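Please read the structure below before turning to the comments.
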Amino acid sequence: MAFLSICTIFARRTKRKKIMSIDTYKLTSMEEPTDEVLSQLMREAAEEARETNAQATQRYFDELRQAAANIR
């Protein structure tokens with residue numbers, strides 16, 4: 001009976017991992033993300049970091065130009 005219960009639990013976990021996607025995975029989940037989901041999370045985080053960095057760089061140079069214009 002215990003073996004059957006363990007098999008049932010394993011089958012349920014395996015089934016859940018197959019349907020886990022970037023849209024359904026929660027960072028607070030107790031389950032480990034699949035490699036595909038983790039890869040997608042990392043790609044999205046990297047893209048957001050690139051966009052934020054580009055915006056910050058643009059603001060920095062805009063402020064430098066404005067400061068240089070005020071010196072003249």
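This structure is a prediction, so every number in the text was calculated from the model and none was measured.
Going from atom CD of Glu63 over to atom CZ of Arg59 covers 7.5 Å, rounded to the nearest 0.5 Å. Note that CZ of Arg43 is 10.0 Å distant from CG of Leu38, once rounded to the nearest 0.5 Å.
Side-chain atoms of Thr57 come within 3.5 Å of backbone atoms of Asn53 as a donor-acceptor pair (strictly under, hydrogens ignored).
Checking Gln40 against Glu36 by side-chain atom types alone, no donor-acceptor pair falls below 3.5 Å.
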**Prompt:** Are Arg65 and Asp62 close enough, and set up right, to give a salt bridge (charged side-chain N to carboxylate O under 4.0 Å, His left out), and what steps lead you there?
**Reply:** CA-CA 5 Å; Arg65 284 185 206 97; Asp62 288 345; 3.0 Å; yes
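Counting non-hydrogen atoms of other residues, nucleotides and ligands closer than 6.0 Å to CD of Glu47 gives a total above 12.
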